[in-house]
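First up is the structure itself, then whatever we jot down about it.
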Amino acid sequence: MSEPFSTFGGIATKDEAYRKLMHHLEEAQNQALVIGHLHNTEDDNMSKLLAKGWYGVGEMLHNAREQIRRLATKRMQ
């Protein structure tokens, strides 16, 4: 589970929330790709199809991270 939300002087920071969000999205992407790889090692057609689906989930999570990064960068300018 998630650890307690850290604060700065009792106040939650946007920086910490952003870093945690990006970390969790990256971890989710990695795990989706691992699940896809594990399905891909099996020989039946259904597992191959599931592997492609999990690779797609990993790609969507990657795209979400990049979109969030672009939005955050624009906000900081």
Please list, chain by chain and in numerical order, all residues satisfying side-chain contact (heavy atoms from CB on, under 4.5 Å) with Glu27, sequence neighbours excluded. Gln31
Output the rest of the hydrophobic cluster of Leu33: all Ile, Leu, Val, Met, Phe, Trp and Tyr residues reachable through side-chain heavy-atom contacts under 4.5 Å, sorted by chain and number. Tyr55
About how many Å separate CD of Gln67 and CZ of Arg70, when rounded to the nearest 0.5 Å? 4.5 Å
Does Arg69 have any salt bridge (charged side-chain N to carboxylate O under 4.0 Å, His left out) partners at least two apart in sequence or in another chain, and if so, which? Glu66
Around Lys52, counting heavy atoms of other residues, nucleotides and ligands shown, do more than 12 lie under 6.0 Å from its NZ? no
Residues in side-chain contact (heavy atoms from CB on, under 4.5 Å) with Leu25, at least two apart? Leu21, Leu61, Arg65, Ile68
Shortest non-hydrogen contact from Trp54 toward Ala32: CB-O, 3.5 Å
Residues that Asp44 engages under side-chain contact (heavy atoms from CB on, under 4.5 Å), provided they are two or more places apart: Glu42, Met46, Ser47
With sequence neighbours excluded, tell me which residues meet side chain to side chain donor-acceptor pair (under 3.5 Å) with Asn45. none
